[in-house]
Amino acid sequence: MASIEEVKAALAQAAEQGNATLMQIRAAVEATDQTLARMRAVATGTGHPAIAEAIARAEQSRQRLVEAMSLIQGSSEAARNYMNVLG
């Protein structure tokens, strides 16, 4: 069985990895924003359903990335809280 110090170290490592993941997701959100801007610029003046679908799917992707950021932040916070419980 792992000692409390080993558990705390593993939790700290997991929280740090969560922070790294958060940064990667933020970069993906920024890239998605750029993609959306380009698609919207191209779509100006057209009402074609294919570009509307592309924009809608990119917007959904962005929303899910933002949700993932929130979830990973909560995960890291919960890990830190448990570290504090352990002392």
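Counting from 1, the numbers follow the sequence of the chain as shown. The structure displayed is predicted, hence computed values, not measured ones.
Although no hydrogens or angles enter the test, the distance criterion places a donor-acceptor pair under 3.5 Å between the side chain of T32 and the main chain of A28. Side-chain atoms of S61 never come within 3.5 Å of backbone atoms of R57 as a donor-acceptor pair (strictly under, hydrogens ignored).
The pair E59-R40 meets the salt-bridge criterion, since a charged nitrogen lies less than 4.0 angstrom from a carboxylate oxygen. Salt-bridge formation is not detected for the pair R26/E30: no Lys NZ or Arg NE/NH1/NH2 atom is positioned less than 4.0 Å from an Asp or Glu carboxylate oxygen.
Side-chain atoms of V66 and I25, non-hydrogen and from C-beta on, never get closer than 4.5 Å to each other. Two residues are said to be in side-chain contact when any heavy atoms from C-beta on lie closer than 4.5 Å; L22 and Q73 meet this criterion.
Note on V7 and M83: same hydrophobic cluster, where clusters join Ile, Leu, Val, Met, Phe, Trp and Tyr whose side-chain heavy atoms are under 4.5 Å apart, directly or indirectly. One hydrophobic cluster, built from ILVMFWY side chains closer than 4.5 Å, cannot hold both V29 and L36; they sit in different ones.
Between I55 and A43, the shortest heavy-atom distance links the atoms CD1-CB, 3.9 Å. Here the shortest heavy-atom pairing between G18 and S76 reads CA-OG, 3.6 Å.
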Stepwise side-chain contact (heavy atoms from CB on, under 4.5 Å) check, T35 with M39: CA-CA 6 Å; T35 299; M39 280 194 242; 3.2 Å; yes

Any chance you could lay out the side-chain contact (heavy atoms from CB on, under 4.5 Å) test for L86 and L11, step after step, and finish with the verdict? CA-CA 11 Å; L86 293 175; L11 288 169; 4.1 Å; yes

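Distance check, rounded to the nearest 0.5 Å: CD of E53 to NE2 of H48 gives 10.5 Å. Summarising the geometry, atom OG1 belonging to T44 is positioned 9.5 Å from atom CD1 belonging to I51; distances are rounded to the nearest 0.5 Å. Atoms CD1 and CE, on I72 and M23 in that order, are 13.5 Å from each other to the nearest 0.5 Å. For the atom pair CD of Q63 and CD of Q60, the computed distance is 7.0 Å after rounding to the nearest 0.5 Å.
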